[in-house]
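Right, one structure below, let's go through it.
Along the sequence shown, residues carry numbers from 1. All values below come from the heavy atoms of this structure, side chains included, with hydrogens, waters and symmetry mates left out.
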Amino acid sequence: MRQWWEKHCRQLGLPAPGAYRAHGKAATGPPEAGRERGSMATRRAILHLGTYKTGSSSIQNLCHANRGRLLKQGVLYPKSGLIKDAVIGHRHRNMIIPFMKGSTSSYVIEPFKAELEASPASSLIVSNESWSHPRHMPMLGGFRAELEDLGIDHVTGVAVFRRLVDYKVSHYREFTLRQGNKIAYERYILGTPGMFDYLFVARNFRAIFGADLQLLDYAASEDSVAAFFAEAGLSELLPGLKPVPPANVRPIRALGTEAMRQANLEGLPREKGQAFLARFRDEHPDLHAHDWTEREAPERPSYGSAYRRALTQTLGWAPEAVERLLEPRPIEGRPVSEARPVIKRALKDWIATQETAV
């Protein structure tokens, strides 16, 4: 994985992992209400990098719902590259999909270039938590570099980190419920090298943004939206924005996640899987009365003192905050594997009723 990243760093003209590239501090304070094209006024971009399950959807939906209000204050939340989904967030994942599919050689899609060129805004916010995925980091580096070529004077990255054990569980449940994951928890968290390695993620963010990077502690703020706007230097805009309902707040627990995973293994589309999940809840209240867990073994790997010191330095946090970030959580609840036979029988019966109904 390190060789893979070093190769892409060389291709993008970025320093090697762990290196710090200083570009000067990002502009702070309220943006200009607008700017004349061709003027010498500075322009800045705030890239919201996730990570997943840290309030990203709420940030995205607020920005999308208030595009007009933000633009009047000189802040562009681009329409280009958006995936519009209020449940998981109006996020800019389509910024990277064309490059991933090989349909463009540019890290910045043409509609975004045109929108940026036409906009009088002096600031822009782009939000895409999938930039925290190790496979997408080279695209983040290229995107950041091309923004400078498009006349953006300051590019700031903002990422949020939450307690690692909670992040693993939340990520697993979310991707099983909404993205069709079929892999059991223990294999899932080891499946993508670097995905749940905070030192790897933070070092590569540092390599891309240098000093223009803000790494936030999810546990240190009760309001992830306010924390993001504060780091973006846009807190004064929040009172003038129309509130939106909290996003993606309906929790799915271990038993429901396993039921959905079994539906994914059967190849059911998400809508049918969720229909089975609702039926399973109704038919098995006895099972849902118990506490279950997908965590059936101690967390791996364990992190030694050298790793913790390096993470403390890279994040720029106090040591006690890093200790909280890596703090393990006791395994509580019955192993969900014990309920697996019941789930499989219920799913088989449900599929049979659906086929009979057709």
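At a threshold of 4.0 Å, the pair D166-R329 counts as salt-bridged, since one of the basic side-chain nitrogens sits closer than that to a carboxylate oxygen. Checked for salt-bridge contact, E258 and R261 meet the test: a charged N lies under 4.0 Å from a carboxylate O. Ionic pairing of R144 and E148 is present here: one or more N-O contacts between side-chain nitrogen and carboxylate oxygen are shorter than 4.0 angstrom. A salt bridge links R279 with E283; the closest basic N to acidic carboxylate O contact falls under 4.0 Å. Look at R43 and E117 and you find no salt bridge, because none of the NZ, NE, NH1 or NH2 atoms lies under 4.0 Å from a carboxylate O.
Within the structure, every pair that satisfies the salt bridge (charged side-chain N to carboxylate O under 4.0 Å, His left out) test and touches residues 179-201, not counting sequence neighbours, is listed here: E186-R300. Residue pairs satisfying the side chain to side chain donor-acceptor pair (under 3.5 Å) criterion with at least one member in residues 216-225, sequence neighbours excluded, are absent. Note on residues 264-276: no pairs pass salt bridge (charged side-chain N to carboxylate O under 4.0 Å, His left out), not counting sequence neighbours. Under the salt bridge (charged side-chain N to carboxylate O under 4.0 Å, His left out) criterion, the residue pairs touching residues 307-317 are R308-E323, with sequence neighbours excluded.
Here the side chain of Q262 pairs no donor or acceptor atom with the backbone of K344 at under 3.5 angstrom. A donor-acceptor contact shorter than 3.5 Å is absent between the side chain of E294 and the backbone of A184. E296 contributes a side-chain N or O that, together with a main-chain N or O of S337, makes up a donor-acceptor pair within less than 3.5 Å. With hydrogens and angles ignored, the 3.5 Å screen pairs no side-chain donor or acceptor of Y198 with any backbone N or O of L325. For S132 (side chain) and T51 (main-chain N/O), no donor-acceptor pair under 3.5 Å exists by modelled atom type. At least one donor-acceptor pair closer than 3.5 Å links the side chain of N264 to the backbone N or O of N181. At least one donor-acceptor pair closer than 3.5 Å links the side chain of S80 to the backbone N or O of P111. Side chain of H284 to main chain of D286: no donor-acceptor pair is present (N/O by atom type, distance under 3.5 Å, no hydrogens or angles). Counting only distance, with no hydrogens or angles, the side chain of R93 and the backbone of R91 share no donor-acceptor pair below 3.5 Å. The backbone N or O of L241 sits nowhere less than 3.5 Å from a side-chain atom of N66 that would complete a donor-acceptor pair.
In this structure, K348 places its NZ atom where only 12 or fewer heavy-atom neighbours from other residues, nucleotides or ligands lie under 6.0 Å away. The environment of R253 atom CZ is sparse: at most 12 non-hydrogen atoms of other residues, nucleotides or ligands sit within 6.0 angstrom.
In terms of heavy-atom proximity, L47 sits nearest to L147 at CD2-CD1, 4.0 Å. Nearest heavy atoms, I88 versus S57: O-OG, 2.8 Å. Residues R44 and G233 share a closest heavy-atom pair of NH2-O, 4.1 Å. Shortest non-hydrogen contact noted between W350 and A275 is CZ2-CB, 4.0 Å. Taking both residues in full, the closest heavy atoms of L215 and A202 are given as CD1-CB, 4.3 Å, listed atom of the first, atom of the second, then distance. The minimum heavy-atom distance linking T293 with G333 is given by the pair CG2-O, 3.6 Å.
Between E129 and the options H136, Q60, H48, a side-chain hydrogen bond (donor to acceptor under 3.5 Å, both in side chains) holds for only Q60.
Take Y77 and apply the ring pair (Phe, Tyr, Trp, His ring centres under 6.0 Å) test, not counting sequence neighbours, and it matches H92. For the salt bridge (Lys or Arg N to Asp or Glu O under 4.0 Å) test, no residue two or more places apart in sequence or in another chain qualifies with R162.
For an aromatic pair to be called close, the ring centres must be under 6.0 Å apart, and W131 with F143 satisfies this. Taking the six-membered ring for Trp and the full ring otherwise, Y167 and Y52 have centroids separated by 6.0 Å or more.
Note: F209 and F205 have perpendicular aromatic rings, judged against thresholds of 30 and 60 degrees for the angle between ring planes.
Inter-residue side-chain proximity for L287 and F280 is flagged as met; some heavy-atom pair is nearer than 4.5 Å.
To the nearest 0.5 Å, atoms CG (N128) and CD1 (I96) are separated by 5.0 Å. Between E174 atom CD and K53 atom NZ the span is 4.0 Å, to the nearest 0.5 Å.
Linking Ile, Leu, Val, Met, Phe, Trp and Tyr residues whenever their side-chain heavy atoms come within less than 4.5 Å places W317 and Y307 in a single cluster. A continuous path of ILVMFWY side-chain contacts below 4.5 Å connects L315 to L326, so both sit in one hydrophobic cluster.
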